[in-house]
Every structure is written in C-alpha cells, then in structure tokens.
Amino acid sequence: MATIEWRSPASEMAVQQFDMAAAKLGLDANVAARLRRPDRAMIVSIPTRMDDGKVHVFTGYRVQHNDVLGPFKGGIRYHPEVNLGEVSALAMWMTWKCSLVGLPLGGAKGGVACDPAELSRQELQSMTRRYTAEILNFIGPEVDVPAPDMGTNEQVMAWIMDTYSQHKGHAVPEIVTGKPVAIGGTLGRREATGRGVVYMIIEAAKHLGIDLSSCTTAVQGFGNVGSVVAKELAAIGVKVIAVSDRSGGFYDAQGLPVERLLEEAADNNHSLEGCSYGEKITNQELLELNCDILVPAALEMQITKDNAARLQCRILAEGANGPTTLDADAVLKEKNVFLIPDVLANAGGVVVSYFEWVQDLQNFFWTEEEVNKKLRDILVKAFHEVLNMSQKQKVDMRLAALMIGIDRVARAMLWRGLYA
Ligand code: GLU
C-alpha cells in the first residue's frame, strides 16, 4: 500500500474513531473505504516578505475531507505544530460535525505552520493573503468556505475575504465566515463556539440532575472558546476554579474573577501570562483538578491513557477538537464521566458560520437574539439525538455522535453513487 502522507497521531485517531462507528453501523464497505481518507489535500508554499526584508517560506495546508452534503466547511489554524496529518483529522471531524447538527455542508480544515504571536501585523497580513492566493482556485462560496480556528480571528478572515474579492473584482463576503460584522459577518459568531459548549453543559446537567449553581469548572485554553465558556459559566453561577493558556494555568478553589481575568488578558495581548489571580499550575495539573465540569478548549490529545484515570470531573465537555484519545475514552467510560464529545460540544461555531453564510447569500441579516435562539434549538436537538442513540445502542456519547454524523453522510453518498 502506498504511503499515506496525511498519517499522524491525530489522523490515526480520527480514522480509528471512524472505524469503530462504521463497524457499529455496519457501514457499506465501499462507502467506508472512501470516507477513511480526504477527497483532496493541498500543501502550499507561502513565500512571505518579513519586516527585515528577507523572504520566509511558510508551509500551508487545506484538506477537503468530504462534500457530499454541501460545500466544504472548516477553519484555518495558525500554530507552530500544524501538519498535514493534524489538518486531515480536523477536516474529517468537520464532516461528522456538520452532518451531526444537520448542516448542508461538508468538512475541511486549513492551517499554516507558524507562530502568529511572533509575527508582526504586516507579516501576518502578507502571509494570509499569499496563503489565500495559493488556495484561491480551490475555495469559493459554493466550493469551500473557510473560517477561524486556533490562532486566527476576524481580522485574518477579513484579509482572506479582501484577497478573494480583489481577484473576483467585487466583494464576496460569503467566501469566509467569522468575519467582522462591518463586512458581512454575523452577530454572535465570535461567542458562538463557547456559547454552544455552555448550552450543551446545561443540557447535560439537566439530564444528570445536577444543579449547576453548586458546580465548579476548570477550563483549559483561554482563547475564543475557553474564555467565552469561562465567562458564560460564571454568569450562570458556576464557580470557575482554574483557567489556563499556553503560558500555564491559574487556580483558586474559591473561584477566579473571570471578568477581571478577561480584562487583564485583553491588556496583555490576550495572554494570561503574569496573571495576578490564583495560584500557578500547569496545563496538565488543571486537567486533574477536583471539579464538576472539565472543559478542554485547547489542543487535541490532552487527555490520554496516562492521565485519564486521575481526572475527577463528572462532565467532560470537549470545547477543543480531539482532546481525548481512544484509550482515555475507555478509562473515562469506566469512571462514568459524562462525555459531551467535540463534534457536539463545539459545533456552535460552525452552526453560526452556517447562519453567516446564509445571511450573506441572502443579503439579509438577523438579530443576535435570532442567531442565539436558532443556535440553541439546533444544538439541543442534536444533544437529545445523540443521547437517545447512546441509550438505544448502549454506546458512549462519542460513538453515538459519530454514528449519527457518519450515517447521514453515508446515506447521501449511496444516493449519489460513484462517478467513474
Ligand atoms: N474552526 C471551527 C471548528 O472547528 C469552526 C469552523 C467553521 O466555522 O467553519 O468547528
């Protein structure tokens, strides 16, 4: 068999999860063979003139996993560790995520191996524009619609939108989601992923008969997802005992003042470094704290067979994509931890991206209340579908979510057949 360049620990994990769900579903073998790998994977060189006048060539990726349900959809990650295997895994998870929550969209992901914190604004802009130019012929409002992910934000989306629009000769806001509202973004997109995680925690607590106002939480990651989760959980009375980012974590058993932490981070280039509240802990220590709700909202593969047995939470809400390995899943199941899997927990981001795309296509914009209500309805419905499947098939919430997502994609593929 030929070497498959998109193999990596994350993509192996994504494929193994797929195989488990496919086996349980009794999936058609021909369909399974196609879904185990991406439709298309691009590696691009991104020559960028740096502030010192030298040209640095960054490596970028865009992996399009499957578009049977609609245009490819997925974020773009800027992180030093980005590689083809990771992007492929993330693209596959996007396919299941969009399908699970009923969006007419497929799955993709992009990334550039870089440290955005080390780049000047000008360098970041030049790199983003050249990356966009390199993938320009393979994206489009009806083809593949990028969005933010770790290390990218609405400014990066605005540059992508502008680069694409300059090439087309007119404004094309629907090429990208997660844009600033001023150029066709939607209200509520920035907070959508974190807000969705909180809606799912509320549903899980109802199901388990837990009173959230007496609960504690630890949140790993203080970016676009983690910071919103911490803020919104604190607003409904959950005690936030620990937060962290890549500079490390901060812990206070009495609860941290989230609003003040947000202000400090905002003044410090969105970093918690030097935070003046709580006691310093590591990212690994945070995961093992005694808390009711644990929210990993950073990188994948954080909860592994090495630390899963030491987790003390009752609810694990995966704000990040792929934070828990398969071995760890088995341990958590034994420990009776209630899992809200990534494709459900963090789907709020892509759901509101879908709303943004729809609003752009119609040139008709909604209020933030409408956005939030529609988001909540979609996620709550998906939560109960997953819970029912999990109870009926006696599988954990992850397998149930994957089974629903994969089954819808497979049915669509069977209808459409194989073009050959
Ligand atoms: N990057 C986000 C995710 O992992 C959002 C993708 C999107 O909005 O297209 O779900």
Side-chain angles (χ1 to χ4, degrees), residues 10 14 61-67 69-79 82 86-112 116 135 139-141 143-154 156-157 160-161 173-180 184-186 188-197 199-200 221 223-226 228-229 296-300 317-323 340-360 371 374-375 378-379 382 401 405:
Y61 309 91
R62 184 75 182 166
V63 176
Q64 298 171 333
H65 175 256
N66 185 280
D67 68 345
L69 293 175
F72 294 109
K73 187 82 193 80
I76 293 173
R77 178 171 292 198
Y78 287 177
H79 189 274
V82 160
E86 180 192 42
V87 177
S88 303
L90 292 162
M92 183 185 271
W93 289 325
M94 284 308 301
T95 306
W96 316 144
K97 192 187 303 185
C98 291
S99 166
L100 169 65
V101 292
L103 307 181
L105 296 169
K109 203 75 164 203
V112 178
I135 61 170
I139 59 173
V143 182
D144 182 354
V145 183
D149 196 76
M150 191 181 288
T152 58
N153 55 23
E154 58 184 12
V156 173
M157 298 306 115
I160 294 176
M161 179 271 191
E174 60 273 26
I175 178 57
V176 79
T177 59
K179 300 176 291 294
T186 181
R189 173 63 184 85
R190 200 184 308 155
E191 301 81 9
T193 313
R195 209 167 259 159
V197 174
Y199 291 154
M200 295 295 84
N224 182 46
V225 183
V228 174
V229 173
L299 280 170
E300 52 274 0
E318 296 184 328
N321 292 308
I340 312 174
D342 49 5
V343 287
L344 177 65
N346 70 38
V350 74
V351 169
V352 177
S353 274
Y354 166 63
F355 296 163
E356 180 173 336
W357 181 68
V358 166
Q359 291 171 78
D360 287 339
V371 168
K374 288 189 168 80
L375 167 64
I378 287 181
L379 291 182

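Each ligand, and each atom within it, is numbered from 1 in the order the structure gives. Keep in mind that this is a model prediction, so the values were computed, not measured.
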Enumerate the atoms of ligand 1 whose separation from the nearest heavy atom of [X] is less than 4.0 angstrom.
X: S353; result: 7 (C), 8 (O), 9 (O)
X: G349; result: 8 (O)
X: K109; result: 1 (N), 3 (C), 4 (O)
X: M94; result: 3 (C), 4 (O), 6 (C), 10 (O)
X: G74; result: 9 (O)

A side-chain contact here means heavy atoms from C-beta on lying under 4.5 Å apart; do [X] and [Y] qualify?
X: I175; Y: I139; value: yes
X: M157; Y: T177; value: no
X: D149; Y: I76; value: no

Shortest protein heavy-atom distance from [atom], along with the residue and atom involved:
atom: atom 5 (C) of ligand 1; result: R189 NH2, 3.6 Å
atom: atom 1 (N) of ligand 1; result: D149 OD1, 2.8 Å
atom: atom 9 (O) of ligand 1; result: K73 NZ, 2.8 Å
atom: atom 7 (C) of ligand 1; result: A147 CB, 3.3 Å

Looking only at heavy atoms of [X], does any of them come nearer than 4.0 Å to an atom of ligand 1?
X: K97; answer: yes
X: P148; answer: yes
X: R77; answer: no

ask   = Applying the side-chain hydrogen bond (donor to acceptor under 3.5 Å, both in side chains) test to K179, which of E356, E154, E174 qualifies?
value = E356
Taking all heavy atoms of [X] and all of [Y], pick out the closest pair and write down the distance.
X: R189; Y: V352; answer: CA-CG1, 3.6 Å
X: E318; Y: D342; answer: OE1-N, 2.8 Å
X: A347; Y: V101; answer: CB-CG1, 3.8 Å

query = Relative to ligand 1, is T193 under 4.0 angstrom through side chain, backbone, both or neither, heavy atoms considered?
reply = neither
ask   = Does the N346 side chain pair with the main chain of A320, one donor and one acceptor, at a distance under 3.5 Å?
value = yes
ask   = Please walk me through it: do D144 and R62 pass salt bridge (charged side-chain N to carboxylate O under 4.0 Å, His left out)?
value = CA-CA 10 Å; D144 182 354; R62 184 75 182 166; 2.6 Å; yes
